[in-house]
Structure formats: structure tokens, C-alpha cells
Engineer: 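Mind having a look at this structure? Questions to follow.
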Amino acid sequence: MELRQLEYFVAVAEEANFTRAAARVHISQSGVSAQIRALERELGAELIDRSGGTATLTTAGQAALTQARATLAAAGSVRQSVDDIAGLLRGSLRVGMVTACTVPQLFDALARFHSAHPGVELALQEGNSDRLVADVRAGELDIALVGVAARVPDGLESMVVIDERIVAAVPPQHPLAAQGEATLAQVCEHPIIALPPGTGIRAVFDRDCAGVGLAPTIALQATAPDAVADLAARGLGVAILSASMTTSYDDTLVAVELTDSQTAALLALVWRPRMNAALTELVSVATRSFNESF
């Protein structure tokens, strides 16, 4: 009896389908079927009823399933114990990142972590900050880089990477550029170009406007900060961005200070308090990467 046979058996039992089970364990359907047939011959009993449209457990299969799961769990514990002694990490980590938010320090951290712990599979996905925070809370993501307004989300561990104010970005010839600063009311007299709801910068802008009794109309909206900046540089409106997002546009945009903006725009790593060894190490590596550059 081999562990892989038990793994395939559990996969078929849980998926109730040989095709789905084969996709789950990354081998062919015929390979899964052959290994389970071999297991049944060794045990002297049929474990899977193949007569219907779904793969269902026989009475013997139901009895075997609990023990098969326990055996696989025990084998995993043995591997983890050995890995702990050897200083190795295994498993997977799911990392989230704000859409179109290129942060070299995060990429550096992932590269360092992967180099030190190749046994841990990394998956990276983008999304808006609200969705990413929800996914971390739900356990769909292990850690995420998000933009938030004023403070980090309650109930999550966090590390603030950037803490700054929003600005209005306009071309040099725009009337607001000559002033150097403006109120939110003055900015809202012009077409507004902004990131979509669910992003940290947009949350800051909406919150600040509500605080002074404004309900701005968003003329144009884009998911990437660079797109928002490019639209403003072409004279299509006033871009609402964080100060650091405008630094690469010094020749085409002027950052205008918003004198009555009171809310901090934060970029932060967030994760759930209960961490496994791999996540603990990734947080440590990320902390070093960000500290080295700020």
C-alpha cells in the first residue's frame, strides 16, 4: 500500500468523480483508476462503486476513508517534523496585491523568500483593496498589500508601508497648477479623474469630500494609477492620486496640495493573526525588504 494510492482514493471520494480527482492530483484519469484498482486488490474489497454517474463509496470505502485521511495527515506531520529540524518550509502561500500597484519591495521580498524556501509555492493575484481585505479575512488569501483610508482594517495584523496624503494632479497649464494648493471644493469645480470605489485612494477622497459636505461627480475612472495620471496629463480632468504616484510625471503633471484633506492614504501589508511557519517567514522577509528601502 502506497501513500499516493491513499491520496488518489481520498481525492475520488471527495470529488465523487474520477476526472475531477485526476485534475486535483495532476495525473491522468487512467492513472488514478489503475492505482485505486491496485489498492482494492491489495485490500481485497471494492472501495468505489463505479456503476452510477458518480463515483460513490461502498461500505468498505466509507470505512477506509477515515483511516486513509488519518494516515495522510500522519505522514504530513512526519514530513513537517523533519522539515522543522532541517529548517525547511513547504506548502503554499496566496499573496494579494492592489491592481496595477507596482511595488518593487514586495517583489524583492517574494524573490528572496522563494530563493530561501523553494518548497513553498507562491501564488499572486490582483484586486481592489476592499476585495483583498475580505479575502484575507475569509482565509482565501494569506497576506495582501492593500490601500486603505486613515487606518488599517480591524482584526488583522498589519505593517504600514506608506503613509501620505492625496493630491490633485493637473497639467502645468491648468489654473490649479499656478496656485500650488487648493480646497476640495475648488478641485470639485473641475472634472474629476479617480480610481474606482474599493481602492484606498478613492476611499480617502470620498471620505474627505463627505467631511466637508461635497458629493463630487467622477467624470472618468480607471483601475490603474498610471492611467488616471495619463488622462489628467492630456487635459481631461483633475486626477486624484497619492503624492508618490505623481513623482514619475514631473514633466507633465503638477501635484496640487489639498489644504482641507484630512485623511491619510495608507499602503499596508495585512494578514490574519494566526500564522503558519511559512507566512511568519514571509512577513519577516517583507519587513526587511521594506525597511531597507524607506
Side-chain angles (χ1 to χ4, degrees), residues 7 10-17 19-26 69 72-73 76-77 79-80 83 88-114 116-162 195-204 206 221-225 265-287 289-290:
E7 180 186 0
V10 170
V12 173
E14 292 179 348
E15 299 293 339
N17 182 278
T19 301
R20 290 195 299 270
R24 170 169 151 179
V25 297
H26 307 294
R69 285 172 170 159
L72 291 173
S77 296
R79 172 178 288 179
Q80 184 62 57
D83 287 349
L88 301 176
L89 293 178
R90 299 183 187 274
S92 63
L93 288 175
R94 298 153 298 177
V95 183
M97 182 181 71
V98 181
T99 299
C101 183
T102 302
V103 180
Q105 294 82 1
L106 176 62
F107 301 155
D108 289 343
L110 294 177
R112 289 179 179 180
F113 180 88
H114 176 68
H117 307 289
V120 179
E121 180 182 350
L122 293 173
L124 180 66
Q125 71 178 58
E126 291 185 313
N128 73 39
S129 294
D130 284 357
R131 180 70 262 167
L132 294 175
V133 169
D135 285 347
V136 172
R137 291 191 189 282
E140 298 296 324
L141 290 173
D142 295 296
I143 188 170
L145 184 69
V146 301
V148 292
R151 65 178 188 176
V152 295
D154 293 334
L156 297 178
E157 297 294 321
S158 63
M159 177 179 70
V160 175
V161 176
I162 296 175
L195 295 165
T199 58
I201 300 299
R202 179 62 178 274
V204 170
D206 289 346
Q221 186 170 279
T223 58
L266 306 179
L267 188 67
L269 280 170
V270 298
W271 61 92
R272 290 194 299 171
R274 297 182 63 182
M275 297 190 290
N276 57 29
L279 181 55
T280 300
E281 177 63 13
L282 178 57
V283 169
S284 177
V285 172
T287 300
S289 292
F290 282 108

Engineer: Could you tell me whether Glu14 atom CD has more than 12 heavy atoms of other residues or ligands within 6.0 Å of it?
Structural biologist: yes
Engineer: Take Leu282 and Val95 through the test side-chain contact (heavy atoms from CB on, under 4.5 Å) and record every step on the way to the result.
Structural biologist: CA-CA 10 Å; Leu282 178 57; Val95 183; 4.1 Å; yes
Engineer: Looking at Ala100 and Pro225, what are the two nearest heavy atoms and their distance?
Structural biologist: O-CD, 4.0 Å
Engineer: Just by distance, do the side chain of Glu281 and the backbone of Phe113 share a donor-acceptor pair under 3.5 Å?
Structural biologist: no
Engineer: How long is the span from the CG atom in Leu72 to the CD atom in Glu7, to the nearest 0.5 Å?
Structural biologist: 7.0 Å
Engineer: To the closest 0.5 Å, what do you measure between NE2 (His117) and CG (Leu122)?
Structural biologist: 10.5 Å
Engineer: Distance check, rounded to the nearest 0.5 Å: Phe107 atom CZ versus Leu145 atom CG?
Structural biologist: 9.0 Å
Engineer: Nearest 0.5 Å, what's the CD-CZ distance between Glu157 and Arg272?
Structural biologist: 12.0 Å
Engineer: Anything under 3.5 Å between a donor and an acceptor, one on a side chain of residues 195-203, the other on a protein residue two or more places apart or in another chain? List them.
Structural biologist:
| unit_1 | atom_1 | unit_2 | atom_2 | d |
| --- | --- | --- | --- | --- |
| Thr199 | OG1 | Pro196 | O | 2.6 |
| Arg202 | NE | Asp206 | OD1 | 3.2 |
| Arg202 | NE | Asp206 | OD2 | 3.2 |
| Arg202 | NH1 | Leu195 | O | 2.9 |
| Arg202 | NH1 | Gln221 | OE1 | 3.0 |

Engineer: Quick check: are there more than 12 heavy atoms from other residues, nucleotides or ligands sitting under 6.0 Å from CZ of Arg151?
Structural biologist: no
Engineer: Restricting to non-hydrogen atoms, name the atom on Ser129 and the atom on Gly147 that form the minimum distance, rounded to 0.1 Å.
Structural biologist: OG-N, 2.8 Å
Engineer: With rounding to the nearest 0.5 Å, note down the distance linking CZ in Arg94 to CD in Glu121.
Structural biologist: 11.0 Å
Engineer: Provide the closest heavy-atom pair for Pro153 versus Val270 in the form atom of the first, atom of the second, distance.
Structural biologist: CD-CG1, 4.0 Å
Engineer: Are Leu279 and Ile143 packed together at the side-chain level, in the sense that at least one heavy-atom pair is separated by less than 4.5 angstrom?
Structural biologist: yes
Engineer: Evaluate side-chain contact (heavy atoms from CB on, under 4.5 Å) for Met159 paired with Val283, printing each intermediate quantity in order.
Structural biologist: CA-CA 9 Å; Met159 177 179 70; Val283 169; over 6 Å; no
Engineer: Where the side chain of Ser289 meets the backbone of Val285, is there a donor-acceptor pair that is under 3.5 Å apart?
Structural biologist: yes
Engineer: Report yes if the side chains of Trp271 and Leu141 come closer than 4.5 Å at any heavy-atom pair, otherwise no.
Structural biologist: no
Engineer: Does anything in residues 128-141 form a salt bridge (charged side-chain N to carboxylate O under 4.0 Å, His left out)? List the pairs, not counting sequence neighbours.
Structural biologist: Arg131-Asp135
Engineer: Any heavy-atom pair between the side chains of Val10 and Arg24 that's under 4.5 Å?
Structural biologist: yes
Engineer: Going through the checks in order, is the side-chain contact (heavy atoms from CB on, under 4.5 Å) test met by Leu267 and Val103?
Structural biologist: CA-CA 10 Å; Leu267 188 67; Val103 180; 4.1 Å; yes
Engineer: Any sub-3.5 Å donor-acceptor pair from Ser158's side-chain atoms to Leu269's backbone N or O?
Structural biologist: no
Engineer: Can you name the closest pair of heavy atoms from Glu126 and Val98 and give their distance?
Structural biologist: OE2-O, 4.1 Å
Engineer: Tell me the closest heavy-atom pair linking Val152 and Val160, and the distance in Å.
Structural biologist: CG1-CG2, 3.9 Å
